[in-house]
Amino acid sequence: MLMKLNLLINRCRLTCVAVLAAFSVYSNAFTVDGLQYSQIAGKNEVILLKGTVPESGEVIIPSSVEYEDTEYTVTMLLGNAFKNCTTLKSVIIPETIYGYGDNVFYNCTSLTSVKLPDNCPEIPAGYFSGCTALTSIELPPNIKSIKSGAFLQCTSLEEINIPESVTVIGHAAFAFCSSLKQIHSSSVLTIEGYAFQTCTSLTNVDFPNVETIGQYTFAHCNELKTVTLGEKIKSIGDVAFRDCTNLELFTVLAVEPPTALENTFDTAHYSSVDLRVPAESIEKYKNAPVWENFFKDRNPLTAIEGVEAAEGAESEVVARYDLSGRPVADDYRGMTIVRRADGSTAKEILR
């Protein structure tokens with residue numbers, strides 16, 4: 001596992017953004033206010049090659065710079081431009097930037113404030129990897145993906161709002177973000193392997209449209225309690241929920257049981273975790289590889305997503321169940337599911 005993760009980290013460090021490859025030849029390199037630029041051949045545009053950080057720790061990347069009586073628009077950031085700038089505290093990136101290298105703020109361990117342009121298309125690989133002081137960040141509203149290792153080891157990151165435009169979360173994108181507590185995004189379709197590995201403060205996960213979850217995605221998230229996957233989920237990778245020792249409730253809204261592997265879950269999960277699936281699919285899950293293990297010698301909670309309170313006058317309660325789907329007495333204290341004579345169901349709490 002460590003070998004695989006190291007390979008991912010090395011890839012984040014070494015990969016160059018494709019858009020920069022076309023501009024391998026630079027001319028007229030110059031420095032303005034501590035930032036080094038190079039003209040993009042044949043254009044009145046420059047790429048920011050490298051930055052030095054002033055004593056204040058604050059960097060404002062300009063939208064344009066003037067050199068030898070010529071004004072150049074700043075349009076690209078070279079990979080590693082601020083790598084290991086451990087005194088960098090805040091940075092503002094202008095709207096003129098359209099090209100983004102990888103690992104630009106890699107290991108900027110004092111970085112706490114970032115303003116990204118609204119037109120940013122993605123968060124590149126390793127972009128904020130190792131930014132251990134970063135507690136929150138506002139992502140641009142139209143980004144499509146969060147690339148491999150983008151926030152790897154951002155150990156102080158507590159919350160992040162993933163925009164509705166994001167469809168892909170890359171390999172190890174948030175791995176080892178040990179302060180991250182909750183993740184929700186209704187647009188994400190693909191979560192690649194290791195994406196949230198060892199997010200030890202993560203408690204709830206809700207991905208209503210996800211289709212695939214890669215290997216080790218939530219491994220070692222030992223505070224994770226609830227997981228909700230929507231009706232589009234098709235596959236869950238190997239060891240995806242290893243060492244999720246506090247997992248209590250796993251909800252899958254897919255009518256067809258998604259593909260899972262023998263090690264997707266810990267063996268202990270089969271006896272300790274309540275499983276919720278669509279009512280019409282109970283038999284399918286009971287007979288599906290891996291999922292069948294949740295039904296052996298127990299009756300996990302099912303079809304809870306279809307429970308609705310009856311309107312108007314309430315008819316007589318004819319059955320009562322606990323949150324594991326087991327019949328209970330009428331004086332059972334706590335949350336129960338009741339079924340009435342008219343066929344309706346509802347949740348009730350007796351304290």
Side-chain angles (χ1 to χ4, degrees), residues 12-13 17 20 26 28-40 45-68 70-143 146-147 149-163 173-174 176-180:
C12 291
R13 291 174 177 171
V17 67
L20 299 180
Y26 304 111
N28 298 331
F30 58 89
T31 300
V32 176
D33 296 331
L35 301 179
Q36 184 181 4
Y37 304 92
S38 182
Q39 181 186 2
I40 298 174
E45 298 179 7
V46 292
I47 179 173
L48 194 157
L49 301 178
K50 191 169 181 61
T52 56
V53 180
E55 187 175 347
S56 66
E58 300 174 355
V59 170
I60 300 176
I61 300 174
S63 58
S64 63
V65 293
E66 187 174 331
Y67 180 71
E68 293 185 345
T70 300
E71 186 173 358
Y72 298 93
T73 303
V74 182
T75 59
M76 306 181 99
L77 300 180
L78 186 68
N80 303 316
F82 292 90
K83 181 179 179 180
N84 294 326
C85 289
T86 57
T87 60
L88 179 64
K89 296 178 181 178
S90 68
V91 63
I92 297 176
I93 302 174
E95 296 290 337
T96 55
I97 299 293
Y98 62 78
Y100 295 81
D102 296 341
N103 306 310
V104 168
F105 300 103
Y106 180 88
N107 201 39
C108 291
T109 54
S110 298
L111 184 62
T112 59
S113 176
V114 179
K115 176 64 173 71
L116 295 167
D118 287 344
N119 61 356
C120 179
E122 64 184 25
I123 306 300
Y127 209 64
F128 297 105
S129 179
C131 293
T132 54
L134 191 65
T135 59
S136 64
I137 185 172
E138 183 177 349
L139 298 181
N142 297 311
I143 63 170
I146 299 173
K147 295 294 188 178
F151 293 93
L152 177 69
Q153 292 182 322
C154 290
T155 54
S156 296
L157 188 65
E158 296 179 356
E159 58 180 315
I160 188 165
N161 181 28
I162 299 177
F174 295 93
F176 297 96
C177 289
S178 54
S179 297
L180 193 62

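The figures that follow rest on heavy atoms only: side chains count, while hydrogens, waters and symmetry mates do not.
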Q: Is there a side-chain contact between I143 and L116 (heavy atoms, below 4.5 Å)?
A: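 The answer is no, as the side chains (C-beta and beyond) never meet within the 4.5 Å cut-off.
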Q: Output yes when a side-chain donor or acceptor of T96 lies under 3.5 Å from a complementary backbone atom of V74, and no otherwise.
A: yes
Q: Taking atom NZ of K50 and atom NZ of K83, what is their separation to the nearest 0.5 Å?
A: 9.0 Å
Q: Nearest 0.5 Å, please: how far is CG in N119 from CG in N142?
A: 9.0 Å
Q: With a 4.5 Å limit on heavy-atom distance, are the side chains of K147 and Y100 in contact?
A: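 When only atoms from C-beta onward are counted, Y100 and K147 do not touch, as no gap falls below 4.5 Å.
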Q: What distance separates E58 CD from L88 CG, expressed to the nearest 0.5 Å?
A: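 One gets 9.5 Å once the value is rounded to the nearest 0.5 Å.
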Q: Which pair of heavy atoms, one from M76 and one from I40, lies closest together, and at what distance?
A: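 Minimum heavy-atom contact is SD-CD1, 3.5 Å.
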Q: To the nearest 0.5 Å, what is the distance between OH on Y106 and CD on Q153?
A: 7.0 Å
Q: Begin from the C-alpha positions of E95 and D118 and carry the test side-chain contact (heavy atoms from CB on, under 4.5 Å) through to its verdict.
A: CA-CA 7 Å; E95 296 290 337; D118 287 344; 3.9 Å; yes
Q: Less than 4.5 Å apart, side chain to side chain, heavy atoms only: is that true for F174 and I160?
A: yes
Q: Rounded to the nearest 0.5 Å, how far apart are CG of L78 and OH of Y37?
A: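 The CG atom of L78 sits 13.0 Å away from the OH atom of Y37.
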Q: With a 4.5 Å limit on heavy-atom distance, are the side chains of I93 and P117 in contact?
A: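 Sidechains of P117 and I93: in contact.
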Q: Can you give me the closest heavy-atom contact between T132 and S156, atom names plus distance?
A: O-OG, 2.6 Å
Q: Against Y127, only a single residue in L77, I146, N103, L152 fulfils side chain to side chain contact (heavy atoms under 4.5 Å, CB included); can you say which?
A: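 Testing each of L77, I146, N103, L152 against Y127, the sole residue satisfying side chain to side chain contact (heavy atoms under 4.5 Å, CB included) is L77.
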Q: Say whether, by atom type as modelled, one donor and one acceptor occur between the side chain of T135 and the main chain of E158 under 3.5 angstrom.
A: no
Q: Closest heavy-atom contact between C85 and G51?
A: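 Smallest heavy-atom distance, with atoms named: SG-O, 3.8 Å.
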Q: Whether the side chain of T87 engages the backbone of G57 through a donor-acceptor N/O pair (distance < 3.5 Å, no angle test) should be reported.
A: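 Flag not set: sc T87 to bb G57 has no pair under 3.5 Å.
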Q: So which atom in L35 and which in I61 form the shortest heavy-atom distance, rounded to 0.1 Å?
A: CD1-CA, 4.5 Å
Q: Check I123 against A150 and note the closest heavy-atom contact, atom names and distance.
A: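 Smallest heavy-atom distance, with atoms named: CG2-CB, 3.7 Å.
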Q: Provide the closest heavy-atom pair for F151 versus C177 in the form atom of the first, atom of the second, distance.
A: O-SG, 3.1 Å
Q: Please work out which of the three classes, parallel, tilted or perpendicular, describes the rings of F105 and F128, given edges at 30° and 60°.
A: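 Judged by the thresholds at 30° and 60°, the geometry between F128 and F105 is parallel.
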Q: Can you tell me how far CZ of F176 sits from CG of L157, rounded to the nearest 0.5 angstrom?
A: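 Here the interatomic distance stands at 15.0 Å.
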Q: Report yes if some heavy atom in the side chain of V59 is under 4.5 Å from a heavy atom in the side chain of P54; otherwise report no.
A: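 Answer yes - side chains close enough.
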